[in-house]
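These numbers come from the heavy atoms of this one structure, side chains and all, not from hydrogens, waters or symmetry mates. All figures in this text were calculated on a predicted structure; none of them were measured in a lab. Order of the sequence lines sets the chain letters (A, B, ...), proteins ahead of strands, with each chain counted from 1.
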2 protein chains.
Amino acid sequence: MKDTSTLNRKRRQRIGKVLGNPREQKDELRALQDTIYVIGGKWKLPIINSICNGNKRFREIERSIPGLTTSMLSRELKDMEANQLVKRTVTPTSPVVVEYSSTDYCHSFGEIILEMITWGKNHRKRIIRNSKHGNKPDY
Amino acid sequence: MKDTSTLNRKRRQRIGKVLGNPREQKDELRALQDTIYVIGGKWKLPIINSICNGNKRFREIERSIPGLTTSMLSRELKDMEANQLVKRTVTPTSPVVVEYSSTDYCHSFGEIILEMITWGKNHRKRIIRNSKHGNKPDY
DNA sequence: AATACCAGTAGCATGAAAGATACCAGCACG
DNA sequence: CGTGCTGGTATCTTTCATGCTACTGGTATT
């Protein structure tokens, strides 16, 4: 039995094909997945956030993110340097000073990070609110 | 030898401690990590995106995301339903119709997803631009 | 002279995430 | 009656991101 929603869906697909909308949607999906690939994982966004908060030195960044180990930070920084998300500057004083900074390119994540921080704060409130009243989540 | 940057850093830390800034920064880091935990992985954001693009049925969502398998989609949808990111509606027609929709709660990811799509598109252009001229990336 | 900081690297271990495969019941189409 | 759609589940395997331990060479502190 074909219900109306099925018909509508088929119609939508046909229209979409004509208008080339699927092409756009595919591009957008790919773009989204690219981004997830570049900043994915547990640490990259926290590291960017840390650097944007003014932490520049390796150990400084490391200490600012509990749970992050030296080797992970090392790997992530290399990766992000290769992707031009951070810049590594060595000042040849004695001893040498190594400083990391965010690139302009990286700044474009600023909005995303802020949104995610906001979301995370709300989520926590929500969880606490629900558990306080012994509520089961409303679904 | 204490160079000035070290002194400044120490000073900043001291000032931060007094102003309680570290507390805030810890909260923000935690919020960010919470969000990463909830929407992390390869598929959750693409699935949300798909649903927001009008895909409602299980197989419809599945087909809209190449590479996504039935079992992964099943797991992710359950997870996201538990986190109140999507709603599952069963209409008891014959045959039953199962439809997924995004919750208001989930809509708060709209901005994040759009930003990520934009970023991904730019990133791809950038990569192509660099490789076209045989350029080494400028770092 | 010993200790502690800096900025890391190398290599192995492991565990969670993802993928592959098989399977289910129910309905419909021809 | 066979085939193919729907909306999934169960389970095993694999892979990759992450984590752990140890180590380096140089500088500064005490």
Item to check | Spatial distance of atom CD1 (A:I39) from atom CD1 (A:I48) [nearest 0.5 Å] | outcome: 6.5 Å
Checklist entry - salt bridge (Lys or Arg N to Asp or Glu O under 4.0 Å) with B:E76: which residues, sequence neighbours excluded? => result B:K44
Next on the checklist: What is the separation between atom CZ on B:F58 and atom P on D:dC5, rounded to the nearest whole Å?
Outcome noted: 15 Å
Checklist entry - Rounded to whole angstrom units, what separation is found between the CD atom of B:E62 and the C1' atom of C:dA20? => result 14 Å
Item to check | Test item: side-chain donor near acceptor, A:T91 and A:E99, under 3.5 Å | outcome: no
Checklist entry - Quick one: salt bridge (Lys or Arg N to Asp or Glu O under 4.0 Å) partners of B:E115, sequence neighbours excluded? => result none
Considering only nitrogen or oxygen atoms on both sides, find all protein atoms under 3.5 Å from nucleotides 1-3 of chain D and state each distance.
none

Checklist entry - Does A:K78 place a side-chain N or O at less than 4.0 Å from the phosphate oxygens OP1/OP2 of C:dG8? => result no
Checklist outcome for this item: Sequence neighbours excluded, the answer for salt bridge (Lys or Arg N to Asp or Glu O under 4.0 Å) partners of B:R88 is none
Next on the checklist: Is A:S74 close enough to C:dT9 that one of its side-chain N or O atoms is under 4.0 Å from OP1 or OP2 there?
Outcome noted: yes
Item to check | Check: A:Q84 and B:N130 side chains under 4.5 Å, non-hydrogen atoms | outcome: yes
Next on the checklist: Using whole Å, what does the distance between atom C1' of nucleotide C:dC27 and atom CZ of B:R57 come to?
Outcome noted: 12 Å
Item to check | Separation of D:dG8 P from B:K56 NZ (nearest whole Å) | outcome: 15 Å
Next on the checklist: Output the rounded distance in Å from CG (B:L77) to C1' (C:dA18).
Outcome noted: 16 Å
Checklist entry - Looking only at side-chain N and O atoms, does B:R63 come under 4.0 Å of OP1 or OP2 in D:dC5? => result no
Between the protein and nucleotides 14-18 of chain D, which nitrogen or oxygen pairs come in under 3.5 angstrom?
residue	atom	partner	partner atom	Å
D:dT18	OP1	A:K42	N	2.8

Next on the checklist: I want to check something: taking the side chain as every heavy atom from C-beta on, are A:S64 and B:Q25 in contact at a cut-off of under 4.5 Å?
Outcome noted: no
Item to check | Whole angstrom value for the distance that separates P of C:dA17 from CG of B:L68 | outcome: 16 Å
Next on the checklist: If you go through the side-chain atoms of A:S71, does one of them form a donor-acceptor pair with the base of D:dC20 closer than 3.5 Å?
Outcome noted: yes
Checklist entry - Which whole-number value in Å describes the distance from B:I61 CD1 to D:dG8 C1'? => result 13 Å
Checklist entry - Starting at the 5' end of DNA chain D and moving along, which residue's nearest nucleotide shows up first, A:T69 or B:V98? => result B:V98
Checklist entry - Could you state the CD-C1' distance from A:E81 to C:dT9, rounded to the nearest angstrom? => result 15 Å
Checklist outcome for this item: With sequence neighbours left out, the residues meeting ring-ring contact (aromatic ring centres under 6.0 Å, His included) with A:Y37 are none
Checklist entry - Between A:R57 and A:Y100, is NZ or CZ placed under 6.0 angstrom from the six-membered ring centre and within 45° of the ring axis? => result no
